[in-house]
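Take a look at the structure below.
Note that the structure is a prediction, hence the values are computed from the model and not measured.
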Amino acid sequence: MGFTEDIIKLSEQVRKRFDQVVGEEATKMALIVPFLTALGYDVHDPSEVMPEYVADFATRRAGQFEKVDYALAINGTKVILVEAKARGQKAEAHDGQLSKYFNALLTTKVAIVTNGVEYCFFTDLRDKNIMDKEPFFTFNILEYDTKDIDNLKFFHRDNFEVTAITNHAEEMVYVKGMTQLLGNLLRSPSEEFVRFLVAELGTVAPSYEIQGRITGRVIDKFKPIVKKSIQGSLVELMTRSLSQEITQLVELEVEQEIEEEEKQQESQESKVVTTAEEIAAFEKIKAITQTSMSFNFELQYKDTASYFGINLGKSTWWFLRLYVSSQKKVLLLG
């Protein structure tokens, strides 16, 4: 099975076990360990998955050494720390124990806090070797989409690469922040945003340029105009996107129909006879297209039992079909 299928199967298992899992130890065994397995780590190899990990620098608290629930290693290098919470508790790194380990283990660039359902991923984007206070990615095993799966793949043992994870984490954080900022501006344009747009109007066309200073009165005048413009632009973008998707679907269906038709006709190819009249028509059309200065296609033809097709180098890219017989001569444009 592939990674996506592994996660789907695990999600189904978690959903079935959810109500029976009580306490932190049960959460680890029933929910978290299978998740680590899905990420490609050998939970039976103590050099790769180290439960109840105690580092050399660990300090005592209440008579016991501070530890993390799991340390994951690849080829002897510790890369991920995991702090487990009981199912039902919030997946929060509130006691500072995980961050102490993260900050001290310089090779570790990912920390996970989980309750077996929600997995919060932390790194050190703000200050090098200092665990961030907020997760850059949260994965819910019971509620996810394909984008979440793509993000989760970065942490699979086979894909794990520190630089790639850091770059991806940084992109995710800033995309999230920028999305929120743009959403706020689009819903309620700020004075600075309106001022910027008004000042840039002249770059669209000289006739749009606003003469004189952009005063508070000008800003007030343009605020409703900006809101209407934003709504219009968003509707146009969505319409264009939907139109492109529909066009692509139609083109795919047409190609599939043509391919199916050609498959049916292949069995009849032994009966096909390409006439001198069809070849002459093809050569004339080819000569005409070669005079074009804008397009440079290598025309080809495919003769079938029912028509003589002319294409642009690929049978599905046909633009002319000739129906030539003693009874009729028809030219069909694609």
Side-chain angles (χ1 to χ4, degrees), residues 2-5 145-147 149-151 153 159 164 167-168 171 175 178-179 182 186 197 200-209 225 228-334:
F3 179 64
T4 301
E5 289 73 22
D145 55 27
T146 54
K147 187 176 180 181
I149 293 288
D150 290 339
N151 289 329
K153 287 178 181 177
N159 305 327
N167 292 339
H168 188 64
E171 180 181 308
V175 166
M178 196 66 71
T179 301
L182 287 173
L186 294 178
L197 293 178
E200 290 293 309
L201 266 177
T203 63
V204 179
S207 59
Y208 293 141
E209 186 172 359
I225 296 175
K228 287 183 180 180
S229 301
I230 289 171
Q231 292 171 357
S233 296
L234 291 176
V235 169
E236 183 181 348
L237 285 171
M238 288 188 290
T239 303
R240 188 183 304 169
S241 177
L242 286 171
S243 177
Q244 289 174 347
E245 288 184 12
I246 292 170
T247 300
Q248 289 172 355
L249 284 172
V250 170
E251 289 177 350
L252 179 62
E253 289 176 0
V254 169
E255 285 193 10
Q256 289 174 341
E257 288 177 3
I258 292 172
E259 288 174 1
E260 184 63 31
E261 186 177 322
E262 288 177 348
K263 285 179 183 178
Q264 294 173 358
Q265 291 168 348
E266 281 176 1
S267 61
Q268 304 176 6
E269 281 188 350
S270 58
K271 304 176 184 178
V272 174
V273 177
T274 303
T275 65
E277 189 175 13
E278 289 172 331
I279 294 297
F282 171 73
E283 293 299 335
K284 286 182 180 179
I285 293 169
K286 185 176 180 180
I288 293 171
T289 58
Q290 287 175 342
T291 63
S292 172
M293 301 295 290
S294 303
F295 302 98
N296 183 24
F297 292 107
E298 183 181 351
L299 261 63
Q300 296 180 4
Y301 69 81
K302 182 176 178 64
D303 200 2
T304 70
S306 57
Y307 65 83
F308 182 86
I310 300 176
N311 60 69
L312 303 175
K314 185 178 177 181
S315 60
T316 55
W317 294 357
W318 69 275
F319 74 103
L320 278 176
R321 286 184 177 181
L322 305 179
Y323 298 83
V324 180
S325 67
S326 57
Q327 288 82 24
K328 65 177 182 178
K329 291 179 175 57
V330 179
L331 183 149
L332 177 64
L333 289 170

#### Entry: Exercise: identify the closest heavy-atom pair between H168 and N151
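Heavy-atom minimum between the residues: NE2-OD1, 2.7 Å.
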### Query
Looking only at heavy atoms, what is the nearest atom pair of E200 and T203, with distance?
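So the two residues come closest at O-OG1, 2.5 Å.
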### Query
Do any N or O atoms from the side chain of E5 and from the backbone of G2 form a donor-acceptor pair under 3.5 angstrom?
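Such a contact is found between E5 side chain and G2 backbone.
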To the nearest 0.5 Å, tell me how far [X] [atom1] sits from [Y] [atom2].
{"X": "Q231", "Y": "E236", "atom1": "CD", "atom2": "CD", "value": "14.0 Å"}
{"X": "D303", "Y": "I279", "atom1": "CG", "atom2": "CD1", "value": "7.5 Å"}
{"X": "L201", "Y": "E209", "atom1": "CG", "atom2": "CD", "value": "9.0 Å"}
{"X": "I230", "Y": "L186", "atom1": "CD1", "atom2": "CG", "value": "5.0 Å"}
{"X": "K302", "Y": "Y307", "atom1": "NZ", "atom2": "OH", "value": "8.0 Å"}

### Task
Under the salt bridge (Lys or Arg N to Asp or Glu O under 4.0 Å) rule, what do D150 and K147 come out as? Steps first, then yes or no, please.
CA-CA 5 Å; D150 290 339; K147 187 176 180 181; over 6 Å; no
### Query
With Y301, which residues qualify under ring-ring contact (aromatic ring centres under 6.0 Å, His included), at least two apart?
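ring-ring contact (aromatic ring centres under 6.0 Å, His included) check on Y301 returns F282, F308.
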### Query
Does K286 have any salt bridge (charged side-chain N to carboxylate O under 4.0 Å, His left out) partners at least two apart in sequence or in another chain, and if so, which?
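Testing K286 for salt bridge (charged side-chain N to carboxylate O under 4.0 Å, His left out), a comparison that skips the adjacent residues, returns none.
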